[in-house]
Amino acid sequence: MDLNAYQQGARHTARYPDVGSNPIYPTLGLCGEAGEVADKVKKVLRDQGGAFNAEVREALKLELGDVLWYVAQLSSELGFELSEIAEANLNKLASRAARNVIGGSGDHR
């Protein structure tokens, strides 16, 4: 699926206060959903010895979809298309790889 088509489709389902001028709501939602992903992965480590069975993988797919939905909403609130964000991210990573600084820390390496 095309990222921008997803973003547009997801926008039609947005129901939160001040849609179109409220980046705070999707930011908080993104944090919550990312936490749910992390919690499911944590429980795989704790309860299943790190083995991701089909049921867990399906549950994570649904949670990752929720993460994607909030990324799309926040992107829309900030005036970005998802394809623009994806392209900028790949460019950043390619630059780091070319300069052999893909490891390490810091946003501007």
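In this text, all values refer to a predicted model and were calculated from it rather than measured experimentally.
The two residues Phe80 and Ile85 have their closest heavy-atom pair at CB-CD1, 3.8 Å. The two residues Gln7 and Leu82 have their closest heavy-atom pair at OE1-N, 2.7 Å. Considering all non-hydrogen atoms of both residues, Arg57 and Phe52 come closest at CD-O, 3.4 Å. Scanning both residues, Tyr6 and Ala72, for their nearest heavy atoms gives CE2-CB, 3.9 Å. Nearest heavy-atom pair, Ala51 versus Val44, reported as atom, atom and distance to 0.1 Å: O-CG1, 3.5 Å.
With sequence neighbours left out, Ser83 forms a side chain to side chain contact (heavy atoms under 4.5 Å, CB included) with Asn4, Glu81. Glu58 pairs by the salt bridge (Lys or Arg N to Asp or Glu O under 4.0 Å) definition with Lys61, not counting sequence neighbours. Every residue two or more places apart in sequence or in another chain was checked for a side chain to side chain contact (heavy atoms under 4.5 Å, CB included) with Asp107, and none qualifies.
Environment of CG in Asn100: sparse, with no more than 12 heavy atoms of neighbouring residues, nucleotides or ligands closer than 6.0 Å. Heavy-atom contacts from other residues, nucleotides or ligands closer than 6.0 Å to CD of Glu87 number 12 or fewer.
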Listed pairs under 3.5 Å, donor-acceptor, residues 24-40 side chains, sequence neighbours left out:
residue: Thr27; atom: OG1; partner: Pro23; partner atom: O; Å: 2.7
residue: Asp39; atom: OD1; partner: Lys42; partner atom: NZ; Å: 2.8
residue: Asp39; atom: OD2; partner: Lys43; partner atom: NZ; Å: 3.2

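Side chain of Arg109 to main chain of Gly104: a donor-acceptor pair is present (N/O by atom type, distance under 3.5 Å, no hydrogens or angles). Within the 3.5 Å criterion, the main-chain N or O of Val71 finds a donor-acceptor partner in the side chain of Ser75.
Leu3 and Leu93 fall into different hydrophobic clusters, where Ile, Leu, Val, Met, Phe, Trp and Tyr are joined by side-chain heavy atoms under 4.5 Å apart, directly or via other members. Leu62 and Met1 fall into different hydrophobic clusters, defined by Ile, Leu, Val, Met, Phe, Trp and Tyr side-chain heavy atoms under 4.5 Å apart, directly or through other members.
As a member of the Ile/Leu/Val/Met/Phe/Trp/Tyr network built from side-chain separations under 4.5 Å, Leu90 groups with nothing else and remains a singleton.
For residues 65-80, the salt bridge (Lys or Arg N to Asp or Glu O under 4.0 Å) pairs, not counting sequence neighbours, are Arg11-Glu77.
To the nearest 0.5 angstrom, Gln73 atom CD is 11.5 Å from Leu78 atom CG.
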